[in-house]
Amino acid sequence: MSYFINVILPIPLDKEFTYSINKTEAAFLQPGMRVAVQFGKSKIYAALVTKVHQNPPLVYEAKEIEHILDESPIVTQHQLELWSWISNYYMCTKGEVMRAALPGAFLLESETIILKNEKSLFDESLLKDDEFLIYEALQYQSLLRIQEVMNIVGKKNVLPVIKRLIEKEVITVQEEIYEQYKPKIVRYIRLNTTYTKEEALRDLLDTMTRAPKQRKVLMHLFTLQAQATKPIKVNELIKTSNSSAAVIRALVDKNILDEYHLQTDRVQYTGEVTENTKQLSEYQHKAYEEIKHSFETKDVCLFHGVTSSGKTEVYVKLIEQAIQKEEQVLYLLPEIALTTQLISRLQEYFGEKLTVYHSKYSVNERVEAWNNVKTKKSKAQVVIGARSAIFLPFTNLGLIIVDEEHENTFKQYDPAPRYHARDTAIVLAKMFCAKVVLGSATPALETYYNARQKKYGLVQLTRRYGDVLMPDINLVDIKTKYRKKEMTGHFSDTLLTGIHDALKEGEQVILFQNRRGYSPVVECNTCGHSPQCPNCDVSLTFHSYRNQLRCHYCGYHIAMPQKCMACDSVDLTTKGFGTEQIEKELQELFPDHNIGRMDQDTTRGKHGYEKIISRFEEGDIDIMVGTQMLSKGLDFRNVSLVGIMNADNLLNFPDFRAHERSFQLMQQVAGRAGRTKKRGKVLIQTYNPFHQILQQVSVNDYSGMFTDQIEERHQYKYPPFYKIIKITGKHKDYNRVNEATNWLAKSFRNVFNENVLGPEFPPVSRIRNQYHKNIVIKIPQGQSLNKTKEVIKKINTSFKSIKEFSGVRVIINVDNY
DNA sequence: AGCACGCCGACT
DNA sequence: GTCGGCGTGCTC
Ligand SMILES: [Zn+2]
Ligand SMILES: [Zn+2]
């Protein structure tokens, strides 16, 4: 009898593949384990077993697996189910989901290495130039990688040369598999058991009079043992005895000491756990009770609490309850909100029960977190993480909290799977019959709509913690101010007075400048030319920190030119104002105060962000200018004034969510003001103070905003009334993209009629030398999602078989944000 | 996604 | 005439 397995490979192919295994392997392998398999000519991948069976493939011979990689499944049945859901719903392959879901260390991939052929003799003179170069390099290096060979011969296509050398028996090639996860091993030391008896030990010490250093080490070992019964690390002993590794080595060699190894986790919490959690305020407690009550009838609850209302404490109470029931908890946050501030706050509550899962952690740390969740270790009972944390192997999930649920960064944009972590979390919760709390001060329209429709529970917390008042928000009409000449640079007199007042009181100020649309570009005053990216359809933006012009899309950069590239004029200006411009103006307006800037530039580097935050917290910075980054959950106590430099560029963004997002962003930024007793002040500069959204922002009218916006969504056929799927065609040839997307749109229109928009070029139509063109399909509520997707897939398949369109990549984005 | 096979321009 | 460019198609 022969045995087979079906596997998922971490590549964008729709099929599962079948490999052959022997009887022993069949008895051992289970779905969720990894095997190393050869795929194609030589490449080796880690594949994930989905099924063990005995049905031989009919039309091909299945290859044998290389070897088994796991002793037990690393992926649970629930996860495989979730992967299936994601690949169906978001229209991508399971391989793509696998790639996104598994920590990098689980995805081994082989690399071809070149070795010299020791056995054969050959005539060096028969080698061609490039062949000889490789041969020569192998005399000095035991192995070469493909990349190194490319460097040696100075060209990209090196496979023919390598092939010739194999034929001439000069070299051999091998597939090297990267070492996967490396457990961290710590060396410990203890006294050899021979000397546990008192007299043996005394004899030993007597004989050691001529080795004072070794004797000293032993004495320190005894002291350490006396202090606590825990194992003693080699490093610890070296340090306390002020000795060296050599001395220890000698003692081990003499069999006086024994060295032993223990595997340990890289991330360990050592702090104290504050026993008593913070007392909830009356209103917080009421919200907590309401959420619990809502869970009796509904699985998902929207927790709408204004900024600074203390939502986190309510979450903490809910988490504690889940912990008591021995359930696992997942706490999802947007990446930017996952600050050290918040992590240490939660650590005080949950101590070592808290695990952080974050892309900035090393691959090994992530594997450890994965394993701890999988084995239900208590140290991973509460997991806090950004969107990818939904992929962890929970076995007993009881509660998911999605904080700042309105944030669009929960949606992965590129590459596939283009999933929304909030929506996927709800599906995940359903598998475990777990409860979900969606928290936000400014819920997404979709979420609030679901709550209004009674699909989700709704709990509101309208008071700030400690009865701090909501900030006082005022709109400043800069159109009038410009006309009346009451503007200084980008500052209205109102805003300047506000800043002066705050600084006089020793309070801090935050100024918000939207990132989008206001990157500083260089423009020639003579001919109007501004330098463009050669690969993308955008102007290069000026970065003063390196005096460079850069492209945001492809990373292309050049030194800041001294004269216009078109007309050689030296009269160049930087146009558009970003945070840098504001910072510069502030330095002139307030020379006696420290100005800080928080944007992509100043927060780069591992601790860049934290550094600037703590400077602000410590009062080292008086005025902070920043982008979006400022709006996220940071708790600055001493900020009394928040200024929004220009609200209009937010509102005018060409996207059906622009108004909703502007409201959310402005409310969040405004929420940074006056978090303690004194009422905070917010000034919003705009050319259009009568704009409905701005009016609603100024009076904290979320529900007014909701009513207006939901009406517009309804009228213009947008979510939550219609689902949308965006289809993008990509190719380096402009005409081919045009024709291809026209064909696609026409085919879609044949089925979906007026519910197809486009094709249309996006604002930036060329990125990395690829033209993009979008089609949007709107799906009305009665229309079957699955059938719609089937149609899209079918049309896509026909599309692929058309010769003229070959090479055009089609990207499908479900629930495009 | 890789990676091989296969067909056309430009350099020894 | 070969070398190397990339378009086409398959991978258990
Ligand atoms: Zn010019
Ligand atoms: Zn570019």
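Just so it is clear: chains get the letters A, B, ... in the order the sequence lines come, proteins before strands, and each one is counted from 1. Side-chain atoms are counted along with the backbone in the values below, which use heavy atoms only and exclude waters and symmetry mates. What you see is a predicted model, and the numbers here were worked out from it, not measured in a lab.
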What closest approach, in Å, do [X] and [Y] show between heavy atoms, and which atom pair accounts for it?
X         : Y         : value
Val52(A)  : Ala26(A)  : CG1-O, 4.0 Å
Phe761(A) : His772(A) : CD2-O, 2.9 Å
Gln548(A) : Arg550(A) : OE1-NE, 3.0 Å

Can you confirm if the NZ or CZ of Lys789(A) lies within 45° of the ring axis of Tyr89(A) and under 6.0 Å from the centre of its six-membered ring? yes
Does Lys63(A) make a cation-pi contact with Tyr19(A) (under 6.0 Å, within 45 degrees of the axis)? no
Side chain to side chain, Leu144(A) and Ile134(A), heavy atoms closer than 4.5 Å: yes
Under 3.5 Å, is there a donor-acceptor pair between the Thr409(A) and Glu335(A) side chains? no
Pairwise N/O distances under 3.5 Å, protein to nucleotides 9-12 of chain C:
unit_1  : atom_1 : unit_2   : atom_2 : d
dT11(C) : O3'    : Gly40(A) : N      : 3.4
dC12(C) : OP1    : Gly40(A) : N      : 3.4
dC12(C) : OP2    : Lys63(A) : NZ     : 2.4
dC12(C) : O3'    : Thr18(A) : O      : 2.8
dC12(C) : O3'    : Lys63(A) : N      : 2.6
dC12(C) : O2     : Thr18(A) : N      : 2.9
dC12(C) : O2     : Tyr60(A) : OH     : 2.3
dC12(C) : N3     : Tyr60(A) : OH     : 3.1

Categorize Arg809(A) for me: base, sugar-phosphate, or nothing, with a 4.0 angstrom heavy-atom threshold over every strand shown. sugar-phosphate
Does Lys163(A) reach a base, just sugar-phosphate, or nothing at all? Heavy atoms under 4.0 Å. sugar-phosphate
Counting neighbours of CD on Glu71(A) that are heavy atoms of other residues, nucleotides or ligands and sit closer than 6.0 Å, is the number greater than 12? no
Does CD in Glu64(A) sit with more than 12 non-hydrogen atoms of other residues, nucleotides or ligands closer than 6.0 Å? no
Verify whether the ring centers belonging to Phe432(A) and His78(A) lie closer than 6.0 Å. yes
Across nucleotides 1-7 of chain C, 5' to 3', mark each nucleotide with B, S or - according to how protein heavy atoms within less than 4.0 Å reach it. --SSS-S
Span of DNA chain B in contact with chain A (heavy atoms, under 4.0 Å): dA1(B) to dC5(B)
